[in-house]
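Heads up: the structure comes next, in structure tokens.
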Protein chains: 2
Amino acid sequence: MPGLLARVYVTPKRGILDPQGKTVEQSLHVLGFDEVSDVTVGKYIEMRLGGASREAADARVRQMCERLLANGVIEDYRVELVADRS
Amino acid sequence: MPGLLARVYVTPKRGILDPQGKTVEQSLHVLGFDEVSDVTVGKYIEMRLGGASREAADARVRQMCERLLANGVIEDYRVELVADRS
């Protein structure tokens, strides 16, 4: 079975203070990019997975998020699985 | 014209040392997720843009990446623009 590539997006929960996003937004304004608002900064994690089924891989990656990759108190996460072509 | 939502993915260039990715990979192995390899950790930035055309917005966001959001020496970036529905 070919491997899978997992893409994990970890973002600050809505309503949670995002100081990194605020800092980036202010810096963009200083640089003249005044059209920008509501900047949030999160993490984007890619990883290769061995040859498990898509369902099993999805459950495993969610476990990884709960246990290590995301802080459930302040962050949301989203998982995408794609066929690993490389 | 309705606004746009920009999604920016900043990732370590291939072949560049990614200590954060290595650390996450090792931690996942310690936790028993042995199927994981080639972990990379990057940034995921979302922002709202005022009502410019898609072409103009794309060019502006690329300028933001070059000037602030990504370090071109060690990082690649990818930009997606979607209609802002919120």
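Numbers restart at 1 for each chain; the letters A, B, ... are given by sequence-line order, proteins then strands.
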Among [options], which residue has the highest count of heavy-atom pairs closer than 4.5 Å to chain A?
{"options": "B/Glu25, B/Met47, B/Glu35", "value": "B/Glu35"}
{"options": "B/Lys43, B/Arg60, B/Gln20", "value": "B/Arg60"}
{"options": "B/Thr40, B/Leu49, B/Val39", "value": "B/Thr40"}

In this structure, CZ of B/Arg78 is separated from OH of A/Tyr44 (nearest 0.5 Å) by 5.0 Å
For B/Leu17, does its backbone N or O pair with a side-chain atom of B/Lys22 as donor and acceptor, under 3.5 Å?
no
Spell out, as yes or no, whether a donor-acceptor pair under 3.5 Å connects the side chain of B/Arg48 to the backbone of B/Gly3.
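Looks like no, no N/O pair under 3.5 Å.
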Structural part of B/Leu5 lying under 4.5 Å from a heavy atom of chain A
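Neither; nothing under 4.5 Å.
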Could you check B/Arg54 against B/Asp58 for salt bridge (Lys or Arg N to Asp or Glu O under 4.0 Å), going step by step and ending with a plain yes or no?
CA-CA 6 Å; B/Arg54 188 171 282 264; B/Asp58 187 71; over 6 Å; no
